[in-house]
Protein chains: 2
Amino acid sequence: MIPHAGIIVLADSLLFYIIYFLSILFLIKKNNCLKKKISIHDLARELKISATTISFVLNGKATEKRISSEVETKILEYIQKVGYKPNLVAQSLRTGKSKIIAMLVESIDDSFFASIAKVIEVTAYKLGYKVFFASTENETEKAKQLIRLFRDRQVDGFIIAPPPGIEKEITALLEDNCPVILFDRHLPTITTTNVLIDNFDGAFSATNHLFENGFKKIAFVTLDSTQSQMQARLDGYQKAIKQAGTVSKILKLSYNLLHTEISEKIKEFLQKNKQLDAVLFATNYLALGGVDAINQLNLKVPENLAIIAFDDDLIFQLLSPSVTAVAQPVQEMSEEVIKQLMKSLAVEDQSAQQKETIILKTKLIVRKSAINFSSVKNLRTAG
Amino acid sequence: MIPHAGIIVLADSLLFYIIYFLSILFLIKKNNCLKKKISIHDLARELKISATTISFVLNGKATEKRISSEVETKILEYIQKVGYKPNLVAQSLRTGKSKIIAMLVESIDDSFFASIAKVIEVTAYKLGYKVFFASTENETEKAKQLIRLFRDRQVDGFIIAPPPGIEKEITALLEDNCPVILFDRHLPTITTTNVLIDNFDGAFSATNHLFENGFKKIAFVTLDSTQSQMQARLDGYQKAIKQAGTVSKILKLSYNLLHTEISEKIKEFLQKNKQLDAVLFATNYLALGGVDAINQLNLKVPENLAIIAFDDDLIFQLLSPSVTAVAQPVQEMSEEVIKQLMKSLAVEDQSAQQKETIILKTKLIVRKSAINFSSVKNLRTAG
DNA sequence: CTGAAAGCGCTTACAG
DNA sequence: CTGAAAGCGCTTACAG
């Protein structure tokens, strides 16, 4: 039996190599996109240095672990030469971190969310994070799904413009020690870190701007929503109306209407309420629907009807007449969001962390759609 | 010594458990966002069924592997009950697949790219894929970085609107067996699967539409770019001009100008070329810059100057007068892109796969900015 | 029909 | 100052 042992071993190892070789081939075939990459153990073999030491050097722990500087430079140079990149998936599995931040906005199409997303992406990237975006369409169910999806992908934290009804999910994230920053609107019943604007003051100032320019019958076109930002805009409008001693006139439209549906509803509203001489729109896309309605009714702005939009947009500058708008401080908001998120990311225990609410001021960009026409007020009812 | 052995073992294992317990605590502390999740082995322990069998059931291989249906339903019910979700990172590390598609567009801000991104996201999601977006700003270096970044994250495939100069990177992807679909523009020197529109015909028809409406001195405002889509639009314009026997007048602007810079350059161009009675803009944002310039010059559209834009946009419908545009078939393009990508994803060897180029037709949306004013041509030079 | 075991590529506590 | 080994949570070829 002994003489055979060698042969058996040989046959065995030959078989092993054949299988190994086949499986390599199979893997290359099967794994699209998976470059035959160098692993840390390949480096270890080549350099005759353990993977441990290489890993320490890679993670900047060379001095902490007192790796000799010769070894360090040797490793660094070799890595440079062969272009080694650690496998982030393996890293993520091991550490439980992904260096990915999830950002849920209402709609990435919307110019406000698109511009804030852009600033956040750039800033986060500089800090070593990648941001993944998704649109909730302000739907509770879609937001829940997305939170689940991103958690499954092991994101490190969330930036969320929350739709209504996801208090439970946000609380669950925080309890599981997952950093969350809310922006644009918050959820009053739960304690979170929020980056908001002064919606009340924005709407209040805009309405007063209309009064100051001689307009008196001011309507407010908004969404049928109890969300904090919409509620505050409504309150700001109503405060100004009350203070002026006039009557409010409010149109509430449901979410997720198409552009043509919005303009149709606004058209009907304007036709039924010919006394109106000005309208404040609670969002940029409502204002765009309004512009369409106004065009269709052949009304002149601001002679027949003055308008102001909440959220600025390039379009408002291009329309004739250009549209006065309440601008949100996009740059400032984005920076504050990132700042707060980085703070949370650095903290071990989310529940212990102090929750802050930052409120930034809006700025009224005065253009031509709401300037003083006191001498020729409301030609429409006259005509 | 022997009497002590038991004690040592006990002390040893006690220590072990203390350390184990502490490290668990430490892990929970350290790993933000990492829910203490159930693993497949936890399930195996509870159910007294091997992880292998559970994995087979989970991956729909129950019948293939001839798992008894009792075992299958038992597993399925338990999973349902405890809400088990496999760890996608581990799955990805093991299989080399991520079910993630990377999509590189010029700018996610741009309405054309935003709308195509949206359709693709929804469609891909239904097919079990998540799409991650990023903007190249048409910069070669940024695109290279993004490709690297996404490969590090182990994406399964790419959808790319390529900036110039990344032929090498695209080729490398294909060689590494990574599915790539180009759209909007292609790279003529390499063989890839492309989903394009008929840019030549779009520009040709638009120019002819201007001729048919009585305009004669037609300029073309485009980007200083050799990219395929821009080249084809230029060629289409020139063909129409030549066929009509008139002279061409072209303004080439560099990429990445700000809106105000674009409108400034166009303003200068229009002032220097008062003979012009129409302009075809090669992109939607060039047209918006043009609208701004035209407003500043107090020109009337189309009486003084007719305009047509390439790429439709909601804004064009809202401007007064509304702007005629060459619309790209967004829905159709998106579907075609996904279809081609899924085809590539199913193929083992990318180099062996037949590369197709799909060319879709554009549609001219006739609005008011280029309608017939043959009786009152070019008032500007007259006035 | 079902399970034990290897391994994807990392990181890190521990030992020396 | 450096390395062997375990383990993150999966999947799958192989054995029975």
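A note on names: the letters A, B, ... follow the listed sequences, proteins ahead of strands, and every chain is numbered from 1.
- The nucleotide whose nearest atom lies closest to any side-chain atom of A:L93 is, among D:dG9, C:dA13, C:dT11, D:dG9.
- At least one side-chain heavy atom of A:L76 sits less than 4.5 Å from a side-chain heavy atom of A:V57.
- If you check distances only, the side chain of A:T95 never reaches the base of C:dT11 with a donor-acceptor pair under 3.5 Å.
- A:D42 places its CG atom 9 Å from the P atom of C:dC10, with the value rounded to the nearest Å.
- Nearest-nucleotide positions on DNA chain D place A:S68 closer to the 5' end than the other of A:S68 and B:V89.
- Distances shorter than 4.0 Å separate some side-chain N or O of B:N59 from OP1 or OP2 on D:dT11.
- Between B:K97 atom NZ and D:dC10 atom P the separation is 19 Å, expressed in whole Å.
- Look at B:K65 and B:E72 and you find no salt bridge, because none of the NZ, NE, NH1 or NH2 atoms lies under 4.0 Å from a carboxylate O.
- Note that the CG atom of A:L93 and the CG atom of B:L88 stand 11.5 Å from one another [nearest 0.5 Å].
- Side chain of A:S98 to backbone of A:S92: no donor-acceptor contact under 3.5 angstrom is found.
- Comparing B:L58 and A:K48 along DNA chain D, the residue whose closest nucleotide (by nearest heavy atom) sits nearer the 5' end is A:K48.
- Rounded to whole angstrom, the span from the CD1 atom of A:I40 across to the P atom of C:dG7 amounts to 18 Å.
- At least one side-chain nitrogen or oxygen of B:S50 sits closer than 4.0 Å to the OP1 or OP2 atom of C:dG3.
- One finds a side-chain N or O of B:Q91 lying less than 4.0 angstrom from the OP1 or OP2 phosphate oxygen of D:dT11.
- Comparing atom distances between the A:T52 side chain and each of C:dA13, D:dC10, C:dC10 picks out C:dA13 as nearest.
- Remark: P of C:dT11 and CD1 of A:I67 are 13 Å apart, rounded to the nearest angstrom.
- Atom CG of B:L146 sits about 13.5 Å away from atom CZ of B:F132, to the nearest 0.5 Å.
- Residues B:A90 and B:V71 each lie close to DNA chain C; by heavy-atom proximity, the contact nearer the 5' end of the strand is made by B:V71.
- Atom NZ in A:K85 sits roughly 20 Å away from atom C1' in C:dC8 (whole-Å rounding).
- Applying the 4.0 Å criterion to OP1 and OP2 of D:dG3, one finds that A:T53 has a side-chain N or O inside that range.
- Distance CD1/A:I79 to CD1/A:I40: 7.5 Å, rounded to 0.5 Å.
- Regarding contacts with the backbone of C:dT12, a side-chain N or O of A:K61 is found under 4.0 angstrom from either OP1 or OP2.
- In this structure, B:T136 contributes its side chain and B:L104 its backbone to no donor-acceptor pair below 3.5 Å.
- Rounded to whole Å, atom C1' of D:dG3 lies 14 Å from atom CG of A:L47.
- Here the nucleotide nearest the side chain of B:F56, chosen from D:dT12, D:dT11, C:dT11, is D:dT12.
- Taking side-chain N and O atoms only, B:S55 has a distance below 4.0 Å to OP1 or OP2 of D:dT11.
- For the strand DNA chain C, secondary-structure stems (runs of at least three Watson-Crick or G-U pairs, all distances below 3.5 Å) span C:1-3 with D:14-16, C:5-12 with D:5-12, C:14-16 with D:1-3.
- B:S39 comes within 4.0 angstrom of the backbone, heavy atoms only, and of no base.
- The interatomic distance linking B:N87 (CG) with C:dC10 (P) rounds to 17 Å, in whole Å.
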Which atom pairs, one a donor and one an acceptor, fall under 3.5 Å between side chains of residues 334-343 of chain B and the rest of the protein, sequence neighbours left out?
{"unit_1": "B:S334", "atom_1": "OG", "unit_2": "B:V330", "atom_2": "O", "d": "2.7"}
{"unit_1": "B:E335", "atom_1": "OE2", "unit_2": "B:Q331", "atom_2": "NE2", "d": "2.8"}
{"unit_1": "B:E336", "atom_1": "OE2", "unit_2": "B:Q340", "atom_2": "NE2", "d": "3.2"}
{"unit_1": "B:K343", "atom_1": "NZ", "unit_2": "B:E356", "atom_2": "OE2", "d": "2.7"}

List the steps and the verdict of side chain to side chain contact (heavy atoms under 4.5 Å, CB included) for B:E169 and B:V180.
CA-CA 11 Å; B:E169 282 71 19; B:V180 179; over 6 Å; no
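- Proximity of A:Y84 to the phosphate of C:dC10: a side-chain N or O atom is located under 4.0 Å from OP1 or OP2.
- Using a 4.0 Å heavy-atom distance criterion, B:L88 is classed as making no nucleic acid contact.
- The interatomic distance linking B:R66 (CZ) with C:dC1 (P) rounds to 6 Å, in whole Å.
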